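First the structure, in the form of structure tokens, and then the observations on it.
Since we're looking at a predicted model, the values are computed, not measured. In what follows, chains are A, B, ... by sequence order, proteins preceding strands, each numbered from 1.
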Amino acid sequence: MVSEYTQLTQKVTDYDLAATLSSGQAFCWDLTGPNEWRGWIAGNPVSVVRGSDCFRLTGRKLTRDVAARYFQWDTDLAALIKTFPQDEPMRQALAYCPGLRLLRQDPWETTANFICSAMKQIVQIKQINRALRQRFGKEVEPGQWSFPDWRTLAAASEADLRECKLGFRAKHLFHAAWQLTAGEVSLEAVESLPTPEARKELMKLRGVGEKVASCILLFAYGRQDVFPVDVWVRRAIHQLYFPKRRTFTEKQARIFVAKYFGPYGGYAQQYLFHWIRTVGALPPSPRLRG
DNA sequence: TGGCAGGGGTTGA
DNA sequence: TCAACCCCTGCC
């Protein structure tokens with residue numbers, strides 16, 4: 001068993017691991033010690049320790065190629081950031097968290113996570129992810145359950161899924177798992193499709209609309225131009241770029257971001273989003289207002 | 001302590 | 001275009 005585990009050290013620069021793992025793109029990571037995170041890559045448990053200039057990884061069946069693909073540490077961040085718009089919000093977002101990165105995650109787990117994300121906060125999505133593992137996953141280590149594949153969920157029932165705190169999302173996830181099992185939609189085919197067709201293919205899945213499809217394309221398929229627009233982003237774009245407009249619809253936001261943020265708009269979005277969410281750069285929502 | 005409003009979305013009418 | 005869908009959180 002011990003021989004299944006490998007240890008790797010990887011030199012990394014400009015990589016804020018904590019921000020990256022907690023910025024709402026992945027839901028399977030927990031901070032377990034000073035600079036130490038435990039989570040999952042390609043169906044296997046992994047721990048990552050952030051050293052001063054390196055990552056020290058320990059994982060079951062972990063190879064450097066698999067880790068490099070997941071963490072995307074070869075990305076030339078400086079070159080990519082140069083393509084961002086040179087405006088004040090973007091400058092502040094970049095200054096706030098200079099090493100934020102995009103991961104490249106497993107398409108199925110990402111799809112399932114974001115189907116479950118509708119009207120849920122990050123903490124709750126993590127709870128659902130954990131519950132699905134414990135209820136339907138394989139125990140690959142004592143207390144460590146892998147994320148269940150779609151066949152397993154399709155073989156369960158909607159009621160079983162509801163017990164994992166999914167609420168009305170249980171119907172969506174169950175149906176999507178069933179569609180994949182039946183071959184109605186292929187996540188593998190999405191890989192080679194141009195982005196508009198890839199989006200259409202993903203949106204055939206129940207529970208996957210415009211926003212969820214964008215998240216899957218950005219976080220699992222490496223389509224870094226795709227800019228998911230949710231209520232937070234819409235509100236942010238409204239306040240930061242069009243403060244004089246009385247109303248600003250999601251459609252208006254989508255049209256604006258597609259043109260304005262360039263070939264790595266998805267990356268830019270992650271910076272803006274993380275900054276807004278953690279600093280509270282926007283006025284609070286009406287409910288939270290004093 | 002309990003009631004209540006509202007939330008990172010999608011669906012179907 | 002809009003209500004309905006679950007359920008958790010935080011406020012009062």
Side-chain angles (χ1 to χ4, degrees), chain A residues 19-29 93 100 102-103 105 109-132 135 156-180 184-185 199-220 226-240 247-254 257 265-290:
Chain A
T20 300
L21 295 181
S22 59
S23 60
Q25 54 179 317
F27 305 97
C28 63
W29 292 92
L100 183 63
L102 286 183
L103 302 167
Q105 304 174 68
E109 186 171 342
T110 307
T111 301
N113 278 335
F114 281 95
I115 287 174
C116 299
S117 76
M119 297 185 72
K120 285 278 182 193
Q121 317 222 340
I122 293 171
V123 178
Q124 295 171 295
I125 304 166
K126 285 180 78 169
Q127 285 171 1
I128 290 172
N129 183 284
R130 194 172 299 124
L132 287 171
R135 179 79 198 259
S157 69
E158 192 187 314
D160 289 334
L161 295 187
R162 272 180 189 266
E163 287 175 20
C164 297
K165 302 181 178 181
L166 268 77
F168 64 85
R169 302 155 199 84
K171 187 190 281 180
H172 297 170
L173 185 60
F174 177 66
H175 195 104
W178 182 87
Q179 285 176 288
L180 289 165
E184 219 173 86
V185 177
R199 182 188 296 280
K200 272 186 206 158
E201 181 72 5
L202 289 170
M203 286 175 67
K204 286 183 195 166
L205 289 170
R206 177 122 186 186
V208 178
E210 188 85 31
K211 190 266 175 177
V212 170
S214 292
C215 289
I216 300 167
L217 288 169
L218 180 61
F219 300 135
V226 173
F227 195 123
V229 174
D230 56 31
V231 297
W232 273 92
V233 170
R234 183 188 56 74
R235 203 189 309 158
I237 299 294
H238 185 184
Q239 310 250 1
L240 296 170
T247 59
F248 194 65
T249 65
E250 203 175 301
K251 192 176 173 187
Q252 288 173 312
R254 271 207 288 268
V257 302
Y267 239 102
Q269 176 262 178
Q270 198 66 6
Y271 277 89
L272 280 177
F273 183 62
H274 185 66
W275 172 56
I276 291 156
R277 289 302 304 263
T278 53
V279 173
L282 292 179
S285 65
R287 169 149 179 83
L288 300 174
R289 216 171 278 156

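The distance from atom CD1 of A/I115 to atom C1' of B/dG8 is 15 Å, rounded to the nearest whole Å. Going from atom CZ of A/R235 over to atom P of B/dG7 covers 7 Å, rounded to whole Å. Following rounding to the nearest Å, A/L166 (CG) and B/dG7 (C1') show an atom-to-atom distance of 16 Å.
Take A/F248 and apply the ring pair (Phe, Tyr, Trp, His ring centres under 6.0 Å) test, not counting sequence neighbours, and it matches A/H238, A/F242.
In terms of phosphate contacts, A/Q127 brings a side-chain nitrogen or oxygen within less than 4.0 Å of OP1 or OP2 of C/dT9. A sub-4.0 Å separation between OP1 or OP2 of B/dG7 and a side-chain N or O of A/Q121 is absent.
Listed by residue number, there are no residues of residues 200-214 of chain A with a heavy-atom contact under 4.0 Å to DNA chain C. Only A/R162, A/K165, listed by number, bring a heavy atom of residues 158-165 of chain A to less than 4.0 angstrom from any atom of DNA chain C.
Residue pairs meeting the salt bridge (Lys or Arg N to Asp or Glu O under 4.0 Å) criterion with at least one member in residues 123-132 of chain A, sequence neighbours excluded: A/D30-A/K126, A/D30-A/R130.
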Report task. Take A/D160 and A/S157, measure what side chain to side chain donor-acceptor pair (under 3.5 Å) needs, and give me the verdict at the end. Result -> CA-CA 5 Å; A/D160 289 334; A/S157 69; 3.2 Å; yes
Distance-only criterion, 3.5 Å: show the donor-acceptor pairs between side-chain atoms of residues 204-211 of chain A and protein atoms not counting sequence neighbours.
unit_1, atom_1, unit_2, atom_2, d
A/K204, NZ, A/E201, OE1, 2.8
A/E210, OE2, A/R199, NH1, 3.3

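Within the 4.0 angstrom heavy-atom criterion, no nucleotide atom of any strand lies near A/F114.
Distance noted for atom P between B/dG8 and C/dT1: 22 Å (whole Å). C/dC7 and B/dT1: their P atoms are spaced 24 Å apart (whole Å). Atom name P, nucleotides C/dC6 and B/dA13: the rounded distance is 15 Å, in whole Å.
Stretches of at least 3 consecutive Watson-Crick or G-U wobble pairs, with each checked distance under 3.5 Å, appear in DNA chain C as B:2-7 with C:7-12, B:9-13 with C:1-5.
Side-chain N/O atoms of A/R169 and base N/O atoms of B/dG9 include no donor-acceptor pair closer than 3.5 Å.
Each of A/H172 and A/Q124 was matched to the nucleotide of DNA chain B holding its nearest heavy atom; the match closer to the 5' end belongs to A/Q124.
No close placement of the A/F227 and A/F273 rings is indicated, their centers lying 6.0 Å or farther apart.
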